[in-house]
Protein chains: 2
Amino acid sequence: MSTEPATRRGRATRDRILAAAAELIAANGVGTLRLDDVERAAGVGRSQLYHYFANRDDLVNSVVQSTIDTVLAAQEPLLVGLDSIEGIDCWFDDIVANGLRGDGLGGCPIGTLARQLSEHDDVSRSAFVEAFARWEAPLIEGLSRMQANGRLNADADVVELADLTMAAIQGGILLAQVRRKPDQLRLALRGARAALVAATPAGISAT
Amino acid sequence: MSTEPATRRGRATRDRILAAAAELIAANGVGTLRLDDVERAAGVGRSQLYHYFANRDDLVNSVVQSTIDTVLAAQEPLLVGLDSIEGIDCWFDDIVANGLRGDGLGGCPIGTLARQLSEHDDVSRSAFVEAFARWEAPLIEGLSRMQANGRLNADADVVELADLTMAAIQGGILLAQVRRKPDQLRLALRGARAALVAATPAGISAT
DNA sequence: GGCGTTCTGTACTGTATAGTACATTACGGA
DNA sequence: TCCGTAATGTACTATACAGTACAGAACGCC
């Protein structure tokens with residue numbers, strides 16, 4: 001069974017396993033993750049793995065959860081300012097800057113993992129649904145505030161606008177990764193921005 | 001080694017294997033594809049598999065290639081009319097209508113497969129890069145024609161517009177699949193449409 | 001400092017499944 | 001009708017890898 005560590009040392013070991021597994025997954029994907037490699041990378045034995053995690057799936061799920069938490073926590077500061085086009089631009093810039101490594105890889109672990117797992121794994125799929133929702137919520141709130149003070153058309157559907165923004169982010173990362181062209185993400189976000197701007201009273205703005 | 005069939009019967013067998021494998025992959029993903037299942041589904045023995053395909057990877061790659069060809073061929077008729085907002089709308093409608101099954105699953109095998117494979121498989125990744133390029137080419141041409149006859153602003157970058165459209169499609173399918181909400185794809189396309197319309201002389205149009 | 005609990009090392013087992021060997025059957029041309 | 005080649009059936013091997021067993025070391029508490 002999966003056991004929470006009871007000592008400082010145990011906690012450190014568990015964290016090391018988690019970090020090593022996360023890195024391997026980020027580098028090579030979930031499917032090819034081997035426990036042998038995790039052990040070597042974390043410098044632990046087989047028995048540790050099964051001391052802290054019930055089985056391979058449990059380990060993967062734990063990585064997923066902690067990854068989601070980390071990513072969302074890192075974004076938190078920016079998420080409160082999503083109540084103006086300028087604030088959203090800042091957020092987009094941050095996503096472009098930090099969402100990908102230079103080679104167009106490594107971006108948004110949430111989307112990357114979701115793409116690999118949600119196919120046939122219903123457990124983690126729902127975890128991603130929740131993660132997306134948590135990520136999207138601040139945007140919906142921000143857009144709602146914009147609507148409240150007249151910076152967004154009254155007839156705009158904020159949820160739909162937020163949804164299409166999320167789609168643009170994920171699609172941009174996907175194309176950037178497959179094509180190895182980080183710029184694709186920036187372009188995708190420009191599309192979402194156009195849709196947002198089109199829903200403002202000003203209507204059009206410079207791209 | 002992989003051998004091309006030399007007789008009608010052989011061709012039929014190879015096709016059956018390919019079809020069965022494609023269906024299994026579409027249903028359960030690439031990673032969990034077992035040769036035993038392919039055999040049972042196609043009604044063939046192990047020796048047939050290895051008569052027509054070098055190994056498992058070769059089979060998967062063949063499925064990928066034939067899937068790409070099939071999807072692109074099916075879209076062909078619509079791809080010639082992408083030189084007006086109306087034509088693009090038709091294309092979008094078709095993608096929404098045929099790109100997903102009712103439950104938000106099963107759409108665009110290209111993107112779905114790319115998501116699973118391109119992570120760590122460079123061979124098939126480049127196949128997807130090419131497939132995306134082939135798919136995108138007609139859109140780029142259409143937008144260029146629009147630009148030539150003044151229906152698109154002269155300073156618009158047609159490649160960038162096409163890229164962001166592709167990103168919207170893929171992101172929409174991803175969200176639709178993860179959230180099991182087919183509607184997400186439609187919204188994502190609305191975002192791309194807004195970006196396209198913003199690059200037209202008219203500037204704004206009804207959504 | 002003794003004792004129970006937590007933690008760790010190593011060696012093993014079991015199994016799923018990709019790949020092989022080889023004999024046998026159907027086909028197709030001369 | 002015969003012969004070579006393509007196609008097929010079955011039974012086997014190899015192995016990678018998840019999961020287990022169990023003994024021993026480190027730790028924390030009284």
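What you see is a predicted model; the values in this text were computed from it and never measured. Proteins come first, then strands; the chains are lettered A, B, ... in the order of their sequence lines, and each starts at number 1.
Annotation: proximity of residues 38-47 of chain A to DNA chain D (heavy atom, distance under 4.0 Å) is found for A:Arg46, numbered in ascending order.
Here the straight-line distance linking atom CZ of A:Arg56 with atom CG of A:Leu59 works out to 8.0 Å at 0.5 Å rounding. Between atom CG of residue A:Leu82 and atom CG of residue A:Leu143 there is a gap of 7.5 Å, rounded to the nearest 0.5 Å. The distance from atom CG of A:Leu152 to atom CG of A:Asp83, rounded to the nearest 0.5 Å, is 11.5 Å.
Between B:Arg179 and A:Asp163, at least one side-chain nitrogen of the basic residue sits less than 4.0 Å from a carboxylate oxygen of the acidic one, meeting the salt-bridge criterion. Ion pairing between a basic and an acidic side chain is recognised when a charged N comes within 4.0 Å of a carboxylate O; B:Arg34 and B:Glu39 show no such pairing. Salt bridge annotation for B:Asp36-B:Arg40: absent, with no cationic side-chain nitrogen under 4.0 angstrom from a carboxylate oxygen. Under 4.0 Å is where a charged nitrogen must lie from a carboxylate oxygen, and between A:Asp69 and A:Arg134 at least one such pair does.
A:Thr67 meets the side-chain contact (heavy atoms from CB on, under 4.5 Å) test with A:Val63, A:Val71, A:Pro109, A:Leu113; sequence neighbours excluded. The salt bridge (Lys or Arg N to Asp or Glu O under 4.0 Å) search around B:Glu86 returns B:Arg151, not counting sequence neighbours.
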Which side-chain N or O atoms in residues 72-81 of chain A pair as donor and acceptor under 3.5 Å with protein atoms at least two apart or in another chain?
{"unit_1": "A:Gln75", "atom_1": "OE1", "unit_2": "A:Trp91", "atom_2": "NE1", "d": "2.8"}
{"unit_1": "A:Gln75", "atom_1": "OE1", "unit_2": "A:Trp135", "atom_2": "NE1", "d": "3.2"}

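Position along DNA chain C of the nearest nucleotide to A:Arg8 versus B:Arg9 favours A:Arg8 as the more 5'-ward residue.
When heavy atoms are screened at a 4.0 angstrom cut-off, B:Leu33 is found touching the sugar-phosphate backbone but no base atom.
A 4.0 Å heavy-atom criterion places the boundary nucleotides of DNA chain C facing chain B at C:dT17 to C:dC27, written 5' to 3'. Protein chain B contacts DNA chain D from D:dA6 to D:dT10, reading 5' to 3' and using non-hydrogen atoms of the protein with a distance under 4.0 Å.
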